[in-house]
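The sequence lines fix the lettering, A, B, ..., with proteins before strands; numbering per chain opens at 1.
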Amino acid sequence: MSRELNTSEPNMGEPPRLGFCCTFIPDPDPSHKTLKAAKDAAKLMNLGTVTMAHLERLGPAARFEKLEGVVRHNLAALERQIAWVSGRPPLERLLRMASSVLPGYTHPVAQPLYAQAPMRSLIETGLSRVGERARAGEVRLSMHPGPFCIIASRNPNAQANGIAELEYHAEVMAMLGYGAGWHPHGAHVNIHIGGREPGIEGFRESLSLISESARNLLTVENDESLFGLDAVLRLGDRVPVVLDLHHHWVESRGEYIEPDDPRIRAVIASWRGVRPVSHISVSRETLLPEHDPDALPDFPALSDQGHSWRDLAAHSDLMWNRAVNALVARHLAWSDFEIEAKGKNQASVPLAARIGRDLSRAAA
DNA sequence: CGGCGTCAAGTTTTC
DNA sequence: GAAAACTTGACGCCG
């Protein structure tokens, strides 16, 4: 099947990648004598934020300074994350960036601050530098706005806010250097459909309300309840589909989809020549302490044992299930992966090490 | 300094 | 009817 996937389209020839999402967790380090030292180390590597309520309580000058300080920190932290990822083996050169780079970008309290020239130039210079660094280090980048980012809603205000939020993510991508063309360098901004109404058809109609650069970066992900893989594939002619294998397992009440499934071909086609990205996670290890790590979790059986739908949907700390990891390794033939584990890099690095070892053994 | 409540935002499901 | 689930900390206040 790898022959069939080896298309002549530009990005399909890219090597496989997998990575963690948003937050870097430093290794336990003996030089961190105290909990505080470990926290400080994490702080350096991760993005921060500021609440709009706090900003609003400050006077004009302090308000600007506070936000500028957070933005400065975030640009530097993002650059450190990307530098770290680019220093990893090629298999690990993928990162989902946190949405909080520019906190409150679409909020009325912060908006006027972002409009000021010194802030603009700080951001443009910083993001352009970060983007260059990502491309030089061959790090594939994505963003995943929160659940508030819906582009089709029955509530016109919610829809307007959601579209503004999507445009914010697209602007960040543009300032990073991913502002033109179809998912340039595999970059993307991934969202869900959102509410039951207006659903898939409302989403399709809303595509005409967003900018071309946002449309060029947009992807849509199957969710665990309302809009499963078949539903989002109905948008595949316009929007690339991000396949979340764990959501699919929950939504289908236990199906593990394999690379030779016809629906995988439809997912690949939706990306139109760009190498797809998929998501993986697994139910919490604390929920299944006795579970055989070499057996795929069985949804109907676990459900019968009294585990609720919601508990099974929650994410584990680490990629503890070797059968699920083997499934990821098979899907890496056609897709990159974002590892949605609470342990972040502490989960993705060992997973990549095991998969990388298996890949090189298979090649030998 | 630790604990707790609050903080921009939407929608659904479950207790 | 409140809380939890998706991205998660930051901040002020109280003891």
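If you measure from atom CG of Leu47(A) to atom P of dT8(C), you get 11 Å, rounded to the nearest angstrom. Atom CG of Leu102(A) is separated from atom P of dG9(C) by 19 Å (rounded to the nearest Å). Atom CZ in Phe227(A) sits about 15 Å away from atom C1' in dC6(C), given to the nearest Å. Here the C1' atom of nucleotide dC6(C) and the CD1 atom of Ile191(A) are 14 Å apart, to the nearest Å. Per the geometry, CD1 belonging to Ile150(A) stands 7 Å off P belonging to dG10(B), to the nearest Å. Atom P of nucleotide dC15(B) and atom CH2 of Trp309(A) are separated by 11 Å, given to the nearest angstrom. With rounding to whole Å, Leu58(A) atom CG is found 14 Å from dC7(B) atom C1'. Across the protein-nucleic acid pair, Asn155(A) atom CG and dA9(B) atom P stand 12 Å apart, rounded to whole Å.
A sub-4.0 Å separation between OP1 or OP2 of dT8(C) and a side-chain N or O of Lys342(A) is absent. At the phosphate of dT7(C), OP1 or OP2 sits under 4.0 Å from a side-chain N or O atom of Arg96(A). In this model, the phosphate group of dA5(C) is not approached by any side-chain N or O of Arg284(A) to a distance below 4.0 Å at OP1 or OP2. Contact check, Ser99(A) against dT8(C): no side-chain N or O comes under 4.0 Å of OP1 or OP2.
When both distances must be under 3.5 Å, the Watson-Crick or G-U wobble mate of dT8(C) does not exist. The base-pairing partner of dA2(C), taking Watson-Crick or G-U wobble contacts with both distances under 3.5 Å, is dT14(B).
In this structure a side-chain-to-backbone donor-acceptor pair under 3.5 Å is missing from Thr125(A) to Leu122(A).
Side-chain proximity of Ser308(A) to dC15(B), dT7(C), dT11(B): nearest is dC15(B). Here the nucleotide nearest the side chain of His315(A), chosen from dA10(C), dT13(B), dT7(C), is dT7(C). Taking the side chain of Leu226(A) as heavy atoms from C-beta on, and the options dA8(B), dT13(B), dT8(C), the nearest nucleotide is dT13(B).
With respect to Glu201(A) and Arg204(A), a salt bridge is recorded, a charged nitrogen being found less than 4.0 Å from a carboxylate O. Comment: Arg96(A) engages Glu338(A) in a salt bridge, judged by a side-chain N to carboxylate O separation of less than 4.0 angstrom. With respect to Glu138(A) and Arg93(A), a salt bridge is recorded, a charged nitrogen being found less than 4.0 Å from a carboxylate O.
To the nearest whole angstrom, the two C1' atoms, one in dA5(C) and one in dG2(B), are 28 Å apart. Comparing the P positions of dA8(B) and dC11(C) gives an interatomic distance of 12 Å, to the nearest angstrom. Across the C1' atoms, dC1(B) and dC6(C) are found 33 Å apart, a figure rounded to whole Å. Rounded to a whole angstrom, the distance from the P atom of dT6(B) to that of dA4(C) is 13 Å. If you take atom C1' in dG5(B) and the same atom in dA2(C), they sit 16 Å apart, rounded to whole Å. Comparing the P positions of dG12(C) and dT8(C) gives a spacing of 24 Å, expressed to the nearest Å.
Nucleic acid contact for Ala98(A): none, since no nucleic acid atom lies under 4.0 Å from a heavy atom of the residue. Within 4.0 Å (heavy atoms only), Gly195(A) reaches sugar-phosphate atoms of the nucleic acid but no base atom. Among the protein residues, Cys21(A) comes within range of the sugar-phosphate backbone only, with heavy atoms under 4.0 Å from sugar or phosphate atoms but none that close to a base. Counting non-hydrogen atoms under 4.0 angstrom, Thr106(A) reaches a base of the nucleic acid. Counting any heavy atom pair closer than 4.0 Å across all strands shown, His54(A) reaches sugar-phosphate atoms only and no base atom. Across all strands, Thr49(A) comes closer than 4.0 Å only to sugar-phosphate atoms, never to a base (heavy-atom distances). Here Gly104(A) lies in heavy-atom contact (under 4.0 Å) with a base.
Side-chain atoms of Arg310(A) and base atoms of dT14(B) include no donor and acceptor less than 3.5 Å apart.
Here Phe148(A) does not count as stacked on dG10(B), because the ring centres are not under 5.5 angstrom apart with planes under 30°.
When each of Arg57(A) and His144(A) is assigned the nucleotide of DNA chain C bearing its nearest heavy atom, the one mapping closer to the 5' terminus is His144(A).
Using a 3.5 Å distance cut-off with no hydrogens or angles, the side chains of Glu221(A) and His247(A) do pair a donor with an acceptor.
Taking the centre of each ring, His185(A) and Tyr178(A) come in below the 6.0 Å mark. Proximity of the aromatic rings of His192(A) and His144(A) is defined here by a centroid distance below 6.0 angstrom, and this criterion is met.
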